[in-house]
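Remarks on the structure that follows.
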Amino acid sequence: MSATSIPDPAAPLRREWRRFTPAQRLSRWLVWLVVVAALAWAVRSIDIIPEFLADAPEQMADLLVRMWPPDLAHYYPAVHAALIETLHIATLGTILAFALAVPVALLAARNVCPLRPLNVLAQFILVASRSVNSLVWALIFVAIFGPGAAAGTFAIAFRSVGFVGKLLSEALEETAPGPAEALRAAGAPWGAVMLKGFWPQVQPAFWGVALFRWDINVRESAVLGLVGAGGIGVVLDDAINYFQWDRVATVLLAILAVVVVAEVVVTRIRARLI
Amino acid sequence: MSAAAQRGLEIRGLVKEYQPGKPVLRGLDLDVAAEGITAVIGPSGTGKSTLIRCINRLVEPTAGEIRLHGQALTGLRGRALRLARRRIGMVFQEYNLVERLSVMENVLCGRLGYTPLWRAWLRRYPPADIERAFDLLDAVGLSEHAPRRADALSGGQRQRVGIARALMQGPDLLLADEPTSSLDPKTAVEVLELLVRLTGAARVPVILNIHNVELARRFAQRIIGMAGGVIVFDGPPEALEPGHLRLIYGGEDWL
Amino acid sequence: MSGAAAAARQAFAPNWGARLGLLALAVYAVFAATQLDLNWARLAAGFGEGGRFLARMFPPNFTRWELLLEGMLESLQIAALASALGILISLPLGLMAARNLSPWFIAVPTRAFIALCRSLHYVIVAILFVKALGFGALAGVAALTIASMGFIAKLFAEAIEEISMKPVEAVRAAGAPGASVLLYAVLPQVASRFVGFCLYQLDSNLRNSTLVGIVGAGGIGGTLFAAFKRFDYDFVCAILLTIIALIFLAEVVSGRVRAALR
């Protein structure tokens with residue numbers, strides 16, 4: 001800009017081009033300002049001890065070295081049993097979640113349940129279930145049932161109700177009204193309308209949601225043991241507390257393997273169902 | 001001969017095989033003068049597009065040599081290739097605009113080879129570039145559309161932006177790959193007229209791939225007929241006779 | 001599905017496969033329940049306990065609001081930093097993992113790395129970082145950064161793979177350097193989706209940052225865990241209500257921003 005010290009006779013004729021209008025530019029600057037300010041505030045006031053930060057790469061490397069090689073002798077029987085328990089928690093929790101979620105979903109779907117207050121109540125239940133994390137549900141159920149797999153199963157179930165119920169009620173609301181209307185016109189009782197009018201239409205969504213949620217629950221149930229709610233997390237927690245790093249590595253590998261297998265199984269089954 | 005080779009494009013023994021043993025171009029020789037429109041006609045799949053893309057190396061030639069104003073284009077890499085490419089403008093069949101950017105930004109894309117990254121990022125182009133972009137948009141009749149997004153334009157308008165972008169490079173050679181195939185006949189003629197007028201004014205030679213023989217006759221000073229990956233006709237439009245067309249496209253029922 | 005052929009003759013072909021499947025599921029449920037030591041006596045005891053638990057939760061106790069606020073602010077900071085770091089690292093990772101712009105010998109290992117980041121639950125990652133880096137927010141930031149990388153780098157890569165290559169070709173043909181090609185031909189095609197992913201990730205980091213404290217990685221989760229251990233259930237209730245309110249607020253705000261961007 002400073003190079004054009006000599007007055008340019010064509011300057012007034014020269015056309016300006018800017019990518020954004022002044023208002024757009026201002027709002028973009030404001031957004032960036034807010035982002036940078038938030039990050040600066042976070043960095044300045046967060047409790048990070050500089051020595052820890054400087055030390056971090058070395059410590060991580062040290063941890064990995066201690067983990068390697070994983071001691072697979074630990075796998076049987078303790079880790080194996082815990083892994084099976086985790087799978088039971090995930091599966092039973094999913095089944096329980098569906099048992100709880102189906103009635104709530106029916107209440108939440110406006111084309112199934114015509115009463116507005118019940119719709120709202122059901123929606124509230126679903127939102128409440130989703131906004132509490134499974135680990136927090138696990139803490140609550142450990143307080144109720146005491147430590148163990150029962151708490152884990154209920155935590156998984158209560159956490160999944162919101163997710164499953166929301167997707168099911170959406171699937172119900174998307175159904176074509178024709179079949180149900182025809183059945184009602186023929187004088188079919190409520191149960192028959194549900195079974196023959198709605199069920200065939202939501203069936204694919206139902207199994208899809210079931211598989212999807214089971215996959216998520218397998219991952220989630222692996223950590224519940226950290227708060228005492230059963231499964232492989234308990235073994236992991238013990239191994240970490242006793243600094244048995246080769247055992248920790250075995251547990252992590254087992255979790256990884258199960259998560260990957262679950263994902264593959266779900267993808268396979270879904271490909272066959274759809 | 002050597003004087004002609006100094007200016008313009010020189011192609012020797014160009015071979016391109018997408019699959020080994022199945023050449024699309026089989027040893028092509030071609031000289032293009034430093035001015036005028038050269039139309040390349042031929043059936044689909046005969047390698048017209050491949051020929052053009054070998055010149056600016058969007059497609060890597062298998063063998064042969066290509067020189068522009070005496071500089072070998074084949075074998076260039078990295079920065080040298082970029083510097084060579086920015087001297088070669090290209091107009092595409094489907095315009096290839098960045099749809100979510102404004103018309104002005106699309107035209108300025110032609111300057112990216114000359115513009116440092118930070119300037120490009122902040123859209124701080126030198127005033128001379130902006131001025132030139134507006135001039136080109138005036139020339140293609142779209143300056144009032146400068147701030148609009150490219151996907152808001154019609155096909156003909158998009159191709160005009162494509163032409164402006166190619167000329168924005170200040171090219172020594174312009175490659176046009178079926179620039180009118182996606183346009184209706186009237187718009188096609190208008191776009192070609194514009195292309196011919198602007199490249200004539202800027203004295204930029206054009207290699208024009210085109211399906212439509214009539215349009216080729218009307219706008220080109222020289223016609224190259226390709227068939228089976230080799231040149232089977234090379235001459236002025238007046239010399240192009242039904243016999244040549246039969247040789248290029250095969251059969252005769254369609255004539 | 002073998003019943004389909006029979007259905008042509010019989011009005012109602014009994015679907016034995018489905019019935020057997022349901023039966024098997026029921027049998028499994030009973031079996032798994034016994035394996036996990038779930039029985040009526042335990043459930044009944046649990047329900048009684050649950051009633052007492054709920055009674056102790058109400059009314060929620062906000063008298064220690066300073067502790068609560070401190071924990072929530074730390075969670076917010078963890079979420080902000082982890083999102084920023086995760087997004088920053090994910091930009092190049094996503095590009096490297098996109099098979100249309102990266103050669104396979106870069107894309108394949110990057111994809112494997114991203115999948116690894118995603119496969120371990122963030123709480124497990126948080127424990128490992130707590131052991132390696134010590135208690136505190138640093139471990140939380142590190143764990144959630146890893147989790148963010150796993151999710152958004154994958155989404156970035158998928159978005160980049162879906163772009164049209166035509167503008168890329170045109171800008172390359174104009175002799176633009178690689179970075180300019182990214183800025184002009186790739187970024188405009190993916191920018192709005194990227195912003196959506198980033199908001200989504202910020203949202204989920206906020207949820208997760210309230211949790212990593214349970215394993216000692218900073219934020220409100222530590223306060224929550226401590227309150228549980230001390231049976232301060234009215235304080236637990238206050239913390240839970242605050243977390244739910246924050247998550248709800250974040251969801252509303254990010255929903256608004258996403259709607260405004262469209």
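Residue numbers begin at 1 in each chain, while the letters A, B, ... track the order of the sequences.
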>> I'd like to know which of B:L101, B:L175, B:N56 tops the heavy-atom pair count under 4.5 Å against chain C.
In response: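 Most pairs with chain C among the choices: B:L101.
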> Which one, B:R111, B:E99, B:E94, B:M90, leads in non-hydrogen pairs under 4.5 Å with chain C?
Replying inline: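 Sorted descending by pairs with chain C, the first entry is B:E94.
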What pair of heavy atoms forms the shortest contact from [X] to [Y], and how long is it?
X      : Y      : answer
B:R100 : C:Q189 : CD-CA, 3.9 Å
C:A170 : B:R165 : CB-NH2, 3.4 Å
C:A173 : B:Q169 : O-NE2, 4.1 Å

>> Has C:Y184 got a side-chain atom pairing as donor or acceptor with B:W121's backbone, closer than 3.5 angstrom?
In response: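 Side chain of C:Y184 to backbone of B:W121: no pair is present.
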> Quick check: does any side chain N or O of B:R86 sit under 3.5 Å from a backbone N or O of C:A174, one acting as donor and the other as acceptor?
Replying inline: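 Checking the backbone N and O of C:A174 against the side chain of B:R86, no donor-acceptor pair under 3.5 Å is found.
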> What part of B:R53 lies closer than 4.5 angstrom to a heavy atom of chain C: side chain, backbone, both or neither?
Replying inline: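 B:R53 touches chain C through side-chain heavy atoms alone.
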> Which atoms of B:R79 come close to chain C, meaning under 4.5 Å heavy atom to heavy atom: side chain ones, backbone ones, both, or neither?
Replying inline: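 For B:R79, neither part sits under 4.5 Å from chain C.
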[Y] side chain reached by [X] side chain, heavy atoms, under 4.5 Å:
X      : Y      : result
C:S180 : B:L117 : yes
C:L183 : B:L112 : no
C:K166 : B:Y95  : no

> Can you tell me how far CZ of C:R172 sits from CG of B:L58, rounded to the nearest 0.5 angstrom?
Replying inline: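 Reported to 0.5 Å precision, the distance equals 8.5 Å.
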Just checking [X]: does its [atom1] atom have more than 12 heavy atoms from other residues, nucleotides or ligands closer to it than 6.0 angstrom?
X      : atom1 : value
B:F134 : CZ    : yes
C:F151 : CZ    : no
C:F62  : CZ    : yes

> So what's closer than 4.5 Å to chain B heavy atoms on C:S164: side chain, backbone, both or neither?
Replying inline: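 The answer is neither part of C:S164.
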